[in-house]
Asker: 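Structure below; questions to follow.
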Amino acid sequence: MLATHDGFSQPVLSRASLRVRVDVRGDPQVPAQRTFDLVIAANRLPVDAVTGADGKITWRRSPGGLVTAMESVMHGREGAWVGWAGEPGKAPRAFTQNSMHLRPVRLDQDDVVDYYEGQSNDCLWPIYHDAIVPAKFRRRWRTAYERVNTRFAEQVAKVAAPGATVWVHDYQLQLVPALLRKLRSDVRIGWFNHIPFPPVELFMQMPGREGILEGLLGADFLGFQRKPDAANFLRACRGLLDVTVRGDVVHLPDGRSVRASAVPISVDYNGLRELAGDPAVQQRAAEIREQLGDPKHILLGVDRLDYTKGLRHRLKAYGELLQSGDLDPSETVFVQVATPSRERLAAYRELRGQVELEVGRINGEHSPIGSTALTYLHRSFPRTEMVALFAAADVLIVTPLRDGMNLVAKEYVACHADDGAIVLSEFTGAADELSRAYLCNPHDIDKLKQTILQAMHDPPGEHRRRMRSMRRTVMTNDVQHWAEDFLTNLQAAPHKPKGHR
Ligand code: ADP
Ligand code: F6P
């Protein structure tokens with residue numbers, strides 16, 4: 001059984017959708033006109049509203065790495081977070097969660113379809129991820145993107161104190177920096193991209209491409225996951241705009257200058273270590289192992305169900321290893337956690353169908369009676385449960401075809417002392433820092449298979465050496481370090497409010 005947030009238990013393979021509920025409270029003591037020195041703007045709030053049939057709202061944790069990272073960063077800091085509450089229609093009223101003041105932004109049904117599903121996730125997302133699936137271009141989506149970005153900028157302008165620091169996140173809000181600067185030239189604006197920034201040859205395909213660059217250049221500082229992402233952005237500015245680029249700085253005709261630089265995101269190392277060391281979590285890890293039949297090897301994958309994550313490549317490799325007899329299903333179990341994501345989009349629905357067909361095929365052909373070669377979990381779990389899974393796994397398999405960072409890889413490192421191993425795609429931001437992982441090209445299935453076997457069968461001493469080295473990296477460069485680094489860069493940026501020369 002897997003424990004839920006509420007302390008109830010669910011069978012490992014329960015079909016019931018598990019909601020990780022969180023406590024929030026409406027706060028009548030926070031007046032609507034209250035302003036904050038630190039404002040976060042992200043497409044989603046850290047929690048999603050779920051309205052029940054009785055009209056009552058419950059809240060669950062929002063999916064994705066952005067929320068994982070920013071929740072840790074904002075813990076204990078006072079500030080406002082402007083974002084969508086995850087459902088179309090009237091926005092819930094502002095409320096507090098821990099020390100954070102949450103200000104929901106309204107998205108109507110057509111905003112969800114055109115701004116979120118359309119422009120953000122059917123156009124920008126594929127273009128920024130190497131066009132793994134073809135991007136679609138619709139004029140209506142671009143109009144909606146402008147409309148919703150304007151709404152975000154207006155909300156931020158209302159909640160930001162004079163001279164506040166505003167931290168805008170991700171590809172959904174690329175126009176916000178310039179729109180906000182027009183409304184509030186006194187605030188300091190930073191933007192961080194959680195996903196890759198594409199090569200100019202791909203970026204150029206997008207209608208309205210100059211508008212995106214101009215939107216971003218409204219910021220004082222722009223942060224990217226990796227140096228090549230920042231370089232791609234600078235190259236796009238040089239090629240498509242009338243600006244001068246020197247080093248990592250874009251000089252604008254109006255005399256402003258904007259730095260674009262790499263600030264790789266990370267995880268809450270200390271928090272995860274503490275959780276992984278908790279006897280109750282260790283006990284859960286042992287229980288999970290036992291429930292899986294106490295196999296010799298547990299392989300684990302943890303991803304949003306997204307075509308960028310290389311799930312099909314991983315399943316193909318695993319299926320072939322079982323087929324060839326290199327892996328024995330009575331000794332090895334693969335657990336794949338695949339978080340539901342963007343389920344109304346065709347590319348995601350198609351992927352889900354393909355993955356579930358393959359899971360069924362692998363289990364049908366290889367599972368021993370009474371156990372499964374592949375345990376597939378299509379739902380969200382509480383943090384403690386995720387840490388117990390990480391702790392239980394002998395090898396983490398991370399095979400994205402393109403990923404800005406991949407926090408899951410760093411979380412696994414933080415949850416292991418000296419044991420464990422990671423098979424890690426070269427096409428993740430994490431591969432730059434976790435160079436002692438078993439690096440792989442997920443497109444090369446034969447090599448991927450060899451790498452999985454090597455990671456499983458290398459001696460404990462080799463695992464120890466690799467994990468220790470990666471642990472030092474994640475410990476030194478944790479999520480707090482990332483936030484400090486970003487904010488220091490932002491504070492150091494030359495800032496010219498309107499009227500200043
Ligand atoms: P992305 O931002 O693309 O989803 P990341 O790997 O950077 O990918 O971050 C994913 C985050 O979501 C990690 O913190 C991971 O632990 C968490 N996560 C992934 N799947 C689940 C799940 N099923 N339940 C709870 N948390 C999950
Ligand atoms: O950076 C990856 C990201 O797009 C984040 O914005 C978000 O945290 C995550 O993926 C989940 O995506 P969505 O908000 O579309 O469910």
Side-chain angles (χ1 to χ4, degrees), residues 2 4-5 17-20 22 40-48 60-72 83-86 107 112 115-122 124-126 128-129 168-174 192-197 224-225 229 264-268 271-272 275 300-311 335-345 348 376-390 393 396 398-415 422 424-425 428-430 479 482:
L2 292 178
T4 72
H5 184 73
S17 149
L18 179 65
R19 289 229 166 97
V20 182
V22 288
I40 307 301
N43 174 57
R44 276 186 196 277
L45 289 174
V47 285
D48 270 349
R60 66 177 174 199
R61 195 165 184 277
S62 306
L66 186 162
V67 165
T68 305
M70 286 311 291
E71 259 196 334
S72 310
W84 176 44
L107 289 198
V112 174
Y115 147 79
Y116 170 70
E117 294 174 347
Q119 185 65 11
S120 297
N121 290 321
D122 232 355
L124 292 163
W125 182 267
Y128 284 39
H129 287 90
V168 185
H169 290 262
D170 236 356
Y171 62 101
Q172 301 96 337
L173 301 182
Q174 294 177 97
F192 182 78
N193 199 26
H194 291 254
I195 68 173
F197 198 88
F224 295 85
Q225 297 281 24
D229 297 317
I265 199 169
S266 193
V267 297
D268 177 12
L272 286 163
L275 261 186
L300 175 69
V302 174
D303 313 78
R304 269 182 313 99
L305 192 37
D306 194 300
Y307 50 79
T308 58
K309 302 288 185 182
L311 280 138
V335 178
Q336 177 63 56
V337 179
T339 323
S341 189
R342 305 174 190 165
E343 294 194 291
R344 283 160 39 104
L345 289 180
Y348 288 77
Y376 171 71
L377 302 163
H378 182 245
R379 56 185 191 264
S380 287
F381 293 99
R383 203 84 197 116
T384 46
E385 203 63 8
M386 295 305 294
V387 171
L389 270 168
F390 286 135
L396 180 77
V398 185
T399 55
L401 309 179
R402 177 59 73 197
D403 204 340
M405 176 54 64
N406 198 279
L407 291 183
V408 164
K410 291 186 174 181
E411 287 170 349
Y412 180 85
V413 169
C415 292
I422 308 182
L424 180 61
S425 161
T428 61
V479 75
W482 166 71

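Order of appearance sets the numbers: ligands from 1, and atoms from 1 within every ligand. This structure is a prediction, so every number in the text was calculated from the model and none was measured.
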Asker: Are the side chains of Val267 and Thr68 in contact, using a 4.5 Å heavy-atom criterion?
Answerer: no

Asker: Do you know which two heavy atoms are closest between Asp122 and Pro126, and how far apart they sit?
Answerer: O-CG, 3.5 Å

Asker: Are any non-hydrogen side-chain atoms of Thr384 and Leu275 less than 4.5 angstrom apart?
Answerer: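 Thr384 reaches Leu275 side chain to side chain.
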
Asker: Can you name the atoms of ligand 2, numbered from 1 with element, that are less than 4.0 Å from a heavy atom of Gly64?
Answerer: 8 (O), 9 (C)

Asker: Taking C-beta and beyond as the side chain, do Val413 and Lys410 meet within less than 4.5 Å on heavy atoms?
Answerer: no

Asker: Quick check on contacts: which atoms of ligand 2 are under 4.0 angstrom from a heavy atom of Tyr171?
Answerer: 4 (O)

Asker: Determine whether any heavy atom of Gln172 lies closer than 4.0 Å to an atom of ligand 2.
Answerer: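 A heavy atom of Gln172 does come that close to ligand 2.
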
Asker: Is the shortest N/O to N/O distance between Val337 and ligand 1 below 3.5 Å?
Answerer: no

Asker: Starting from atom 12 (O) of ligand 2, which protein heavy atom do you reach first, and at what distance in Å?
Answerer: Arg342 NH2, 2.9 Å

Asker: For ligand 1, is Arg61 a contact, meaning one of its heavy atoms is under 4.0 Å away?
Answerer: no

Asker: Numbering the atoms of ligand 1 from 1, which are under 4.0 Å from a heavy atom of Ser380?
Answerer: 22 (C), 23 (N), 24 (N)

Asker: Ring centroid separation for Trp125 and Tyr348, is it under 6.0 angstrom?
Answerer: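 Not under 6.0 Å, so no.
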
Asker: Minimum heavy-atom separation for Ser380 to Thr339, with atom names?
Answerer: OG-CG2, 3.6 Å

Asker: Parallel, tilted or perpendicular: which fits the ring planes of Trp482 and His194, with parallel below 30° and perpendicular above 60°?
Answerer: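 Correct class here is perpendicular.
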
Asker: Could you list which atoms of ligand 2 come closer than 4.0 Å to a heavy atom of Arg304?
Answerer: 9 (C), 10 (O), 11 (C)

Asker: For Trp125, is at least one N or O under 3.5 Å away from an N or O on ligand 2?
Answerer: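 No, since none of the N or O atoms of Trp125 sits under 3.5 Å from an N or O of ligand 2.
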
Asker: Which atoms of ligand 1 have any heavy atom of Val302 under 4.0 Å away?
Answerer: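 Taking each heavy atom of Val302 in turn, ligand 1 has 19 (C), 20 (N) under 4.0 Å.
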
Asker: Should Asp403 be counted as touching ligand 1, given the test is an N or O pair under 3.5 Å?
Answerer: no

Asker: For the 3.5 Å polar cut-off, considering only N or O atoms, please tell me whether Phe381 and ligand 1 meet it.
Answerer: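 Phe381 vs ligand 1: N/O contact under 3.5 Å present.
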
Asker: Measure the distances from the heavy atoms of Met405 to every atom of ligand 1 and state whether one is below 4.0 angstrom.
Answerer: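 It does not; every heavy atom stays at 4.0 Å or beyond.
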
Asker: Hey, are the side chains of Asn43 and Ser120 touching, using non-hydrogen atoms and a 4.5 Å cut-off?
Answerer: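 Side chain of Asn43 against side chain of Ser120, heavy atoms only: no contact under 4.5 Å found.
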
Asker: Do any heavy atoms of Arg383 fall under 4.0 Å from ligand 1?
Answerer: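 Contact present.
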
Asker: Decide whether an N or O pair under 3.5 Å exists between Arg44 and ligand 2.
Answerer: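 Yes; the residue has a nitrogen or oxygen that sits under 3.5 Å from a nitrogen or oxygen of the ligand.
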
Asker: Do you know the tightest heavy-atom contact between Ile265 and Ala69?
Answerer: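 What the structure gives for the nearest pair is CD1-CB, 3.5 Å.
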
Asker: List the atom of Ile195, the atom of Gln225, and the distance in Å for their closest heavy-atom pair.
Answerer: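 Smallest interatomic distance, heavy atoms only, reads O-CG, 4.4 Å.
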
Asker: Go through it in stages, so that I can follow the logic: the residues are Arg344 and Tyr116, the test is side chain to side chain donor-acceptor pair (under 3.5 Å), and I'd like the CA-CA distance, side-chain angles, deciding distance and then a yes or no.
Answerer: CA-CA 11 Å; Arg344 283 160 39 104; Tyr116 170 70; over 6 Å; no

Asker: Please determine if Lys309 has a nitrogen or oxygen closer than 3.5 Å to a nitrogen or oxygen of ligand 1.
Answerer: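 Yes; at least one N/O pair falls below 3.5 Å.
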
Asker: Ignoring hydrogens and geometry beyond distance, is a side-chain donor-acceptor pair present between Asn121 and Gln172 at under 3.5 Å?
Answerer: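 Distance-only check fails for Asn121 and Gln172.
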
Asker: Taking N or O atoms only and a 3.5 Å limit, does Asp170 qualify as a polar contact for ligand 2?
Answerer: yes

Asker: Over 60° means perpendicular and under 30° means parallel, so tell me whether Tyr128 and Tyr171 are parallel, tilted or perpendicular.
Answerer: tilted

Asker: Tell me the contacting part of Leu407 for ligand 1: side chain, backbone, both, or neither, using a 4.0 Å heavy-atom threshold, strictly below.
Answerer: both

Asker: Tell me the protein heavy atom at minimum distance from atom 7 (C) of ligand 2, and give that distance in Å.
Answerer: Pro63 O, 4.1 Å

Asker: Only heavy atoms of His194, strictly under 4.0 Å: list the atoms of ligand 2 that pass.
Answerer: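 Close to His194: 1 (O).
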
Asker: Quick one: does ligand 1 sit under 4.0 Å from the side chain of Val408, the backbone, both or neither, non-hydrogen atoms only?
Answerer: both

Asker: Is it true that Arg379 lies under 4.0 Å from ligand 1, counting heavy atoms only?
Answerer: yes

Asker: Which atom pair, heavy atoms only, marks the closest approach of Thr399 to Gly310?
Answerer: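 Scanning both residues completely, I find the closest heavy atoms to be OG1-O, 2.9 Å.
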
Asker: Check Leu66 against ligand 2 and report side chain, backbone, both or neither, counting heavy atoms closer than 4.0 Å.
Answerer: both

Asker: With backbone taken as N, CA, C and O and side chain as the heavy atoms from C-beta onward, which portion of Asp306 lies under 4.0 Å from ligand 1: side chain, backbone, both, or neither?
Answerer: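 No part of Asp306 comes within reach of ligand 1.
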
Asker: Kindly give the heavy-atom pair with the smallest separation between Thr428 and Met405, and that separation in Å.
Answerer: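 Residues Thr428 and Met405, closest heavy atoms: CB-O, 3.6 Å.
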
Asker: So is there a nitrogen or oxygen of Tyr116 less than 3.5 Å from a nitrogen or oxygen in ligand 2?
Answerer: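 Tyr116 vs ligand 2: N/O contact under 3.5 Å present.
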
